[in-house]
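Structure, as C-alpha cells:
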Amino acid sequence: MKKLYFSLLLSIASLVMNAQCMLYPVSLSQRLNNSSLIIEGQVMAQKCFWNAEHNNIFTSNLVRVTQTIKGNVNSNYIEVITKGGEIDYVRQLVEPSLQLNLNEKGVFMLNPYPLISQYGQPMYETYSDQQGFILFNEDG
C-alpha cells in the first residue's frame with residue numbers, strides 16, 4: 001500500500017511540474033493576426049526593474065527597430081518587456097518565458113504593455129511569449 005501511495009504521489013508531482021513548464025504551440029498565422037505590431041529589430045541594451053509591488057523582476061530590452069512589418073511605431077527604438085532578471089544579487093528566472101540576449105536580431109510579434117518605461121520608449125511584450133520572437137540565424 002505504501003508503494004502504491006508513494007508511486008501515485010510521485011506521478012501527481014511529475015504531472016504538476018510538467019504542466020507548469022509546458023508551452024502549447026501557437027500557429028504562425030495566429031501569432032501574426034493577434035499582434036498589433038510586428039518588427040524586425042536588434043536588442044541593444046537591457047535593464048532589470050521591480051514591478052510596483054516589488055515581488056517580480058522584469059527586464060526591459062531596448063530594441064532598435066530596423067523594419068516595421070505590421071502596425072506603426074513612431075520611434076527608432078522600442079522596449080520589449082520579458083519576465084525575470086537580476087537586481088542587486090536577487091535573481092528571478094521565469095520558465096518557460098522569452099529570454100533575450102544583447103545583439104540578438106529577429107522578428108518580434110508584439111502588443112502594448114502597461115509598465116513604466118525604463119528607456120523612455122514605447123513598451124511592448126511578445127505575443128505568446130517565446131513564440132513571439134523568431135531569432136535570425138546569421139551563421140548561415
Side-chain angles (χ1 to χ4, degrees):
M1 182 70 174
K2 285 185 181 181
K3 284 184 181 179
L4 177 63
Y5 178 73
F6 180 72
S7 199
L8 180 62
L9 185 61
L10 199 58
S11 296
I12 291 171
S14 177
L15 286 172
V16 169
M17 286 189 273
N18 284 335
Q20 291 177 348
C21 295
M22 291 176 60
L23 285 175
Y24 63 92
V26 178
S27 71
L28 180 58
S29 63
Q30 186 177 355
R31 287 180 273 162
L32 295 173
N33 290 333
N34 289 309
S35 301
S36 62
L37 178 67
I38 301 174
I39 59 118
E40 180 182 309
Q42 179 177 7
V43 179
M44 304 304 290
Q46 296 176 309
K47 187 184 295 185
C48 297
F49 63 98
W50 289 101
N51 65 344
E53 295 80 19
H54 203 76
N55 59 0
N56 289 308
I57 297 175
F58 293 87
T59 300
S60 177
N61 300 276
L62 183 65
V63 175
R64 181 172 52 90
V65 178
T66 55
Q67 181 178 358
T68 303
I69 298 167
K70 176 183 177 182
N72 294 311
V73 63
N74 297 324
S75 177
N76 292 329
Y77 292 89
I78 61 169
E79 294 179 50
V80 176
I81 303 303
T82 54
K83 297 174 182 106
E86 184 175 343
I87 301 173
D88 297 329
Y89 306 108
V90 176
R91 182 176 192 167
Q92 283 186 348
L93 180 61
V94 180
E95 290 185 356
S97 70
L98 176 61
Q99 302 296 315
L100 296 169
N101 296 305
L102 284 176
N103 298 315
E104 284 186 329
K105 297 177 184 177
V107 174
F108 294 82
M109 292 162 265
L110 306 162
N111 287 313
Y113 199 67
L115 287 180
I116 296 171
S117 173
Q118 301 300 300
Y119 293 102
Q121 302 300 326
M123 305 273 290
Y124 294 90
E125 67 177 336
T126 55
Y127 178 79
S128 69
D129 209 352
Q130 294 172 331
Q131 298 172 82
F133 176 65
I134 299 172
L135 177 67
F136 290 162
N137 180 0
E138 297 185 305
D139 294 334

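Values below: all heavy atoms of this structure, side chains included; hydrogens, waters and symmetry mates excluded.
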Please test Q46 against T59 for side chain to side chain donor-acceptor pair (under 3.5 Å), starting from the C-alpha separation and ending with a verdict. CA-CA 7 Å; Q46 296 176 309; T59 300; over 6 Å; no

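- For the pair Q121 and V73, the minimum side-chain heavy-atom distance is 4.5 Å or more.
- A 4.5 Å side-chain heavy-atom check between L62 and K47 finds every atom pair outside the cut-off.
- Under a hydrophobic clustering in which Ile, Leu, Val, Met, Phe, Trp and Tyr are joined whenever their side-chain heavy atoms come within less than 4.5 Å, directly or via other members, V63 and L98 fall into the same cluster.
- Atom CD1 in I38 sits 9.0 Å away from atom CD1 in I134 (nearest 0.5 Å).
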Could you go through N101 and V43, starting from their C-alpha distance and side-chain angles, then the distance that decides it, and tell me whether this counts as side-chain contact (heavy atoms from CB on, under 4.5 Å)? CA-CA 7 Å; N101 296 305; V43 179; over 6 Å; no

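- Residues Y124 and I39 share a single hydrophobic cluster, defined by chaining ILVMFWY side chains whose heavy atoms lie under 4.5 Å apart.
- Closest of all the heavy-atom pairs between N56 and Q92 is CA-OE1, 3.3 Å.
- L115 has its side chain within reach of F49: a pair of non-hydrogen atoms, C-beta onward, lies under 4.5 Å apart.
- For the pair I78/L110, a side-chain contact is recorded, criterion being any heavy-atom separation below 4.5 Å from C-beta on.
- Closest heavy-atom contact between M109 and S35: CB-OG, 3.2 Å.
- The shortest non-hydrogen separation linking G106 to F133 is CA-CE1, 3.7 Å.
- Minimum heavy-atom separation, C48 to I57: CB-CG2, 4.1 Å.
- Crowding of N72 atom CG: a count of heavy atoms from other residues, nucleotides or ligands under 6.0 Å not exceeding 12.
- Under a hydrophobic clustering in which Ile, Leu, Val, Met, Phe, Trp and Tyr are joined whenever their side-chain heavy atoms come within less than 4.5 Å, directly or via other members, V107 and V26 fall into different clusters.
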Could you walk me through whether Q42 and N103 pass side-chain contact (heavy atoms from CB on, under 4.5 Å), step by step? CA-CA 6 Å; Q42 179 177 7; N103 298 315; 3.6 Å; yes

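- Between N111 and S36 there is a side-chain heavy-atom pair separated by less than 4.5 Å.
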Could you go through F58 and K83, starting from their C-alpha distance and side-chain angles, then the distance that decides it, and tell me whether this counts as side-chain contact (heavy atoms from CB on, under 4.5 Å)? CA-CA 5 Å; F58 293 87; K83 297 174 182 106; 4.0 Å; yes

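- Looking at N61 and F108, their side chains never come closer than 4.5 Å, going by heavy atoms from C-beta outward.
- When hydrophobic clusters are built by joining Ile, Leu, Val, Met, Phe, Trp and Tyr residues whose side-chain heavy atoms come closer than 4.5 Å, directly or via intermediates, Y24 is not grouped with L28.
- The closest donor-acceptor contact from the side chain of Q118 to the backbone of I116 lies under 3.5 Å.
- Residue Q99 comes nearest to E104 through the heavy atom pair O-OE1, 4.3 Å, listed as atom of the first residue, atom of the second, then distance.
- Two residues are said to be in side-chain contact when any heavy atoms from C-beta on lie closer than 4.5 Å; T126 and V80 meet this criterion.
- Side chain to side chain, S117 and E79 meet the donor-acceptor criterion of an N or O pair below 3.5 Å.
- Looking at L32 and K70, their side chains never come closer than 4.5 Å, going by heavy atoms from C-beta outward.
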Passes side-chain contact (heavy atoms from CB on, under 4.5 Å), T68 versus L37? Steps please. CA-CA 8 Å; T68 303; L37 178 67; 4.2 Å; yes

